[in-house]
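Worksheet: the structure to be examined is printed underneath.
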Amino acid sequence: MRSTDGDLPQRVCTAAEMKFYFGSFLDSNGRRNYVRPNKNCNLTSWIDGCEAGWACSAGNEQKIDLQDAVHFPSRTLDCQGCCAGFFCPHGLTCMIPCPLGAYCPESTLNKSTGICDPYNYQPPPGKPNHTCGGADRWADVVSTDDVFCPAGFYCPSTIKKLSCSSGFYCRKGSTSQTKCFNKGSCKPNSANQDITIFGALLVGALSLVLLIIYNFSGQLLSNREKRQAKSREAAARHARETVVARERWKSAKDVAKKHAVGLQSSLSRTFSRKKTLRTHEPSSNSKAPVEPEQSSSKDSDDGNKKTNNLTDMMRSLEENPEKGEGFNVEVAGEKKKTKGRHAHTQSQIFKYAYGQIEKEKAMEQQNKNLTFSGVISMATEEDIKTRPRIEIAFKDLTLTLKGSKKKLLRSVTGKLMPGRVAAVMGPSGAGKTTFLSAIAGKATGCDTTGMILINGKMEPIRAYKKIIGFVPQDDIVHGNLTVQENLWFNARCRLSTDMSKADKVLVVERVIESLGLQAVRDSLVGTVEQRGISGGQRKRVNVGLEMVMEPSVLILDEPTSGLDSASSLLLLRALRREALEGVNISMVVHQPSYTLYKMFDDLILLAKGGLTVYHGPVKKVEEYFAGLGIVVPERVNPPDYYIDILEGIVKPNTSAAVNAKDLPLRWMLHNGYEVPRDMLQTASDAESSFRGGGGDHDTHGGDSGGQSIAGEVWGNVRDIVGQKKDEYDYNKSSENLSNRRTPGILRQYKYYLGRCGKQRLREARIQGVDYLILGLAGICLGTLAKVSDESFGALGYTYTVIAVSLLCKIGALRSFSLEKIHYWRERASGMSSLAYFLSKDTIDHFNTIIKPIVYLSMFYFFNNPRSSIWENYVILVALVYCVTGIGYTFAIFFQPSSAQLWSALLPVVLTLIATQQKDTFFANLCYTKWALEGFVIANAQRYSGVWLITRCGSLMKNGYDINDRILCIVVLAVNGVLFRCVAFFCMVIFQKH
């Protein structure tokens, strides 16, 4: 006020003049210190106040309204140098207050350079009275940083500059000093604090944690498994001791009973003799023994009733002693053990389960030495547990591909009975697996003709899928789970909710016992990288996954392939025990041994083209073929001989003109089935060719030569589309006629969550490697891409978006790409797809939370941006959540190799679009644009005061809005949700190729 003689308000710019000045930045087109001509400074009027660092007064006659944003006042009086704390632009005659964080002292002339220090303008030449004034301009830091409070100092006001004290640091444009984390690391006049030491400490701590995880990742689960194993062994030992004690007690009771009967008979004879001596009447002597005879006859009648009920059982046991499994032994007078529904603790459950198993073993041992007294004792026991019986009858079953019209099965007629084990055999290409898939309702992409009756009714087999077990040919078992964990998960998800936990444990323990998996029950199944159980044991686990759900129909596709004879025999015995409970079992078998062959009840022999050659009891197959003149040579396995004939390797050793291609027709005529006309014509052609010595010819390819290539391609496309539609219809079918109520979505979600948690704990080493790579990326990018005040750290954040997107997508691919076939099997069995997907996503939320911490713990301390670590963390969590959803979509939709390629390319391409095509529709569709904008805005919000022009210019250049930080986080989160929905849709719709 003293230097201006009290007319300071007449010299300060109004709102209109300030608007004019800042608007000139948009019209400068890169020209430095450009202000458009105006009322006071133009080509015709250029006074001293128009020079840089000078200003003029409007005079006392004018009334100046500083808030006037419209009128431009005239200022031409009393021109002099700009006051301290203000800047006077070149081309304006008013003073503008310097912003906070600026240092605007009066300048002095440097005589050696002729420049007004500390600014970079020169006084006008030829005017010796025109001295240096104040600051000349305030612009972005790239154009000039003259008015910025220098780094290492802080400016509490625009005319006061103080040195930064020890233990504090002052960035450029600071109004106060900031305390360092470590006072010893900040010397006087420090421009920034060195916090790389904290980053180094975090690197060491992270490495230590990863090392611990790498070496002790399995200890948590192994300790739990050891506790369960101890409880299980104690229960098994208790059950064995109980059985031994029961047998001893029973033997002692029998001995005591014999002595009691002997004593009673001797006493009876003594009293009877005395009575005879007293009474000499013959009539009384004859009446005395009547009552015992009547009671004896009554007991005999009761026993006869019981034995009559066991006639069928005795006949079955005589034919096959192995079928005696499953009876419960109870000793008279002994208190019943705790039932399964009353067993709650783990110890009680195991005791109940192993007690039942030991009883079944004891009963099986008794059945091997069955006597009449044994039959009488069996009559007092509970009936054999049976399951819902399903009889599957089919007539003229024909399967034709929808597009190419190729017949896979043709005119197959027969019946699969409950309680029997049927073997499906035939040469390669005979349609064995297709036949079983059609029976199970899994044949997709085909037109099915004929009838399939369920218990004599026209009902869809898909409505019974909850009690149908289908064992695929491949061993689809989770390799990072133990044998027991695989079986227990399937039992919990597929058994009825009405069944108690103790009964479910009993089912699992019974399957482990019958399949001979006790020794490896706590061993990991194993993967390609990690060795586990043997191939034969893995095959048995694959079968056990369907046995634990107690199916009424069990269909197996080559379960004995790859097994030795002992393992195959063990598996067949387990299946026969299942058949005892009324299970309808059918299985594809290749070259069974004679012992295994004789264990089957029925044989279904198919020829190439899906035609039936024989369907009936195994005992009558040789008799049937002998009637055709085909006799099996000595020491030759019958099924091998018949398959060799159907394959054309061996010709029938018969004098009759029986060709291998005539066998399906002979079977139809033998049973009185209706024979299609084209088969009769084909058979006659084949017979004439056979008599003429001609070779075999294709009976199904007569019309294929006339098809065009385009027609064949179109037919294949229709096959694929039809297959996808059928798979979707099978999995979405909600009709349930099985009367089994399995756990709902929430319960299955809980089970899936537990399984995924165990799998991730066992994959902790892989997770540790991911964290290590992410931490190293944070160190490299934080060190190389230092924060620039001009761009607010945009370069480092760009690298961050690319690196985090790439690494997190690659990690998300493992969640689904490696378990597709497992999901397809579980979904086909009726398990919930939503529960499976949500459990995977829930477990991955751990990575969504931890990975940003790992990355920022390195990047933030090496890069040291102005934004807080919390602001960066929130944006990074949203980014990781978004890219994880994208990774899910790639993992489900693409093959693993293609998914990895897309995961690597997409973040780079989208970042280029977001940075090059700014503020366009395509850029707004890129998630990288919103992530980068969120990071830059979070950092730019910490720049205020003297940085406003720099901040506004940078944000406008990139198309960002300072108020959109919350919007960026919301857009990233919404993208994550949308991509998860797309991934789930793809998982449900697109099945295996």
Side-chain angles (χ1 to χ4, degrees), residues 433-434 436-446 461-462 464-481 486-487 489-490 493-494 525 527-528 538-539 541-546 548-549 551 553-559 588 719-734 742 745 748-749 751-752 755-756 759 813-841 888-899 980 982-993:
T433 302
T434 304
L436 291 183
S437 298
I439 295 301
K442 293 177 178 288
T444 56
C446 302
I461 190 65
R462 296 175 180 178
Y464 293 90
K465 67 180 181 180
K466 289 188 177 181
I467 54 174
I468 295 178
F470 189 90
V471 180
Q473 182 176 352
D474 298 326
D475 300 332
I476 304 174
V477 186
H478 289 278
N480 49 11
L481 294 177
N486 274 289
L487 298 177
F489 175 80
N490 259 38
C493 287
R494 300 177 65 182
V525 174
T527 59
V528 177
R538 187 185 182 97
K539 177 73 71 175
V541 174
N542 187 37
V543 176
L545 290 179
E546 303 300 323
V548 294
M549 51 85 66
V553 177
L554 184 58
I555 298 173
L556 305 97
D557 190 4
E558 301 185 24
V588 175
D719 288 344
I720 295 173
V721 174
Q723 180 182 0
K724 300 294 182 185
K725 181 179 181 299
D726 291 343
E727 288 172 349
Y728 177 72
D729 292 339
Y730 176 82
N731 289 312
K732 78 167 185 176
S733 61
S734 58
T742 54
I745 293 179
Q748 290 191 39
Y749 169 74
Y751 298 153
Y752 272 116
R755 188 182 75 175
C756 291
Q759 290 175 317
L813 295 181
R814 289 195 298 267
S815 295
F816 289 95
S817 61
L818 301 179
E819 291 191 359
K820 284 184 180 179
I821 55 176
H822 300 87
Y823 162 72
W824 291 330
R825 177 177 183 175
E826 291 169 358
R827 183 190 177 192
S829 64
M831 296 189 195
S832 171
S833 298
L834 182 60
Y836 171 79
F837 185 87
L838 290 179
S839 65
K840 288 282 189 181
D841 188 36
Y888 289 166
T889 305
F890 289 165
I892 293 171
F893 190 77
F894 296 110
Q895 294 296 324
S897 57
S898 300
R980 278 166 172 78
V982 172
F984 180 73
F985 176 80
C986 294
M987 188 179 74
V988 173
I989 296 300
F990 298 103
Q991 289 290 301
K992 49 189 170 184
H993 300 282

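Computed over heavy atoms, backbone and side chain alike; hydrogens, waters and symmetry mates excluded.
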| message | Could you check whether any side-chain heavy atom of Met831 comes within less than 4.5 Å of a side-chain heavy atom of Tyr752, counting everything from C-beta outward? | response | yes
| said: Taking side-chain hydrogen bond (donor to acceptor under 3.5 Å, both in side chains) as the definition, give me every residue that meets it alongside Arg825, ordered by chain and number, with sequence neighbours left out. | reply: Asn542, Glu546
| task | Please round to the nearest 0.5 Å and tell me the distance separating atom CG of Leu554 and atom CE of Met549. | result | 8.5 Å
| query | Taking side chain as C-beta onward, heavy atoms only, is Tyr836 less than 4.5 Å from Phe816? | reply | yes
| message | Can you tell me how far apart CE (Met987) and CD1 (Ile989) are? Round to the nearest 0.5 Å. | response | 10.5 Å
| said: Determine whether a donor-acceptor pair (N or O, by modelled atom type, separation under 3.5 Å) exists between the side chain of Arg827 and the backbone of Val988. | reply: yes
| task | Could you tell me the separation between the OG1 atom of Thr434 and the CD1 atom of Ile439, rounded to the nearest 0.5 Å? | result | 11.5 Å
| N/O donor-acceptor pair under 3.5 Å between Ser898 side chain and Phe894 backbone | no
| request: Look at the side chain of Gln748 and the backbone N and O of Ser832, then say whether any donor-acceptor pair between them is shorter than 3.5 Å. | output: yes
| request: Find out whether Leu436 and Val588 are in side-chain contact, i.e. whether some heavy atom of one side chain is under 4.5 Å from a heavy atom of the other. | output: yes
| request: Ignoring hydrogens and angles, tell me if any N or O in the side chain of Lys820 forms a donor-acceptor pair with the backbone of Gln895 under 3.5 Å. | output: no
| Any donor-acceptor N/O pair, Lys539 side chain to Gln473 backbone, under 3.5 Å | yes
| How about His478 and Val525: do any of their side-chain heavy atoms sit closer than 4.5 Å? | no
| Which value, rounded to the nearest 0.5 Å, describes the distance between Phe984 atom CZ and Ile892 atom CD1? | 9.5 Å
| query | Rounded to the nearest 0.5 Å, what separation is found between the OG1 atom of Thr889 and the CG atom of Leu813? | reply | 10.5 Å
| Contacts of type ring pair (Phe, Tyr, Trp, His ring centres under 6.0 Å), residue Tyr751, not counting sequence neighbours | none
| Smallest separation among heavy atoms of Leu556 and Val543, with atom names | CD2-CG1, 3.7 Å
| task | Count the heavy atoms of every other residue, nucleotide or ligand shown that sit under 6.0 Å from CD1 of Ile745, and state whether that count exceeds 12. | result | no
| Heavy-atom closest contact (Gly469 atom, Pro551 atom, distance) | N-CB, 3.7 Å
| message | Pairing donors with acceptors under 3.5 angstrom, does anything connect the side chains of Glu819 and Gln759? | response | yes
| Taking all non-hydrogen atoms of both residues, which atom of Lys466 and which atom of Thr742 are closest, and how far apart? | NZ-OG1, 3.3 Å
| field | Check: Tyr888 and Phe837 side chains under 4.5 Å, non-hydrogen atoms | value | yes
| Do Ile468 and Ile461 pass the side-chain contact (heavy atoms from CB on, under 4.5 Å) test, and can you show the C-alpha distance, the side-chain angles, and the key distance before you say yes or no? | CA-CA 9 Å; Ile468 295 178; Ile461 190 65; 3.5 Å; yes
| Any Val471 side-chain heavy atom under 4.5 Å of Asp557 side chain | no
| said: Can you tell me how far apart NZ (Lys840) and OH (Tyr823) are? Round to the nearest 0.5 Å. | reply: 12.5 Å
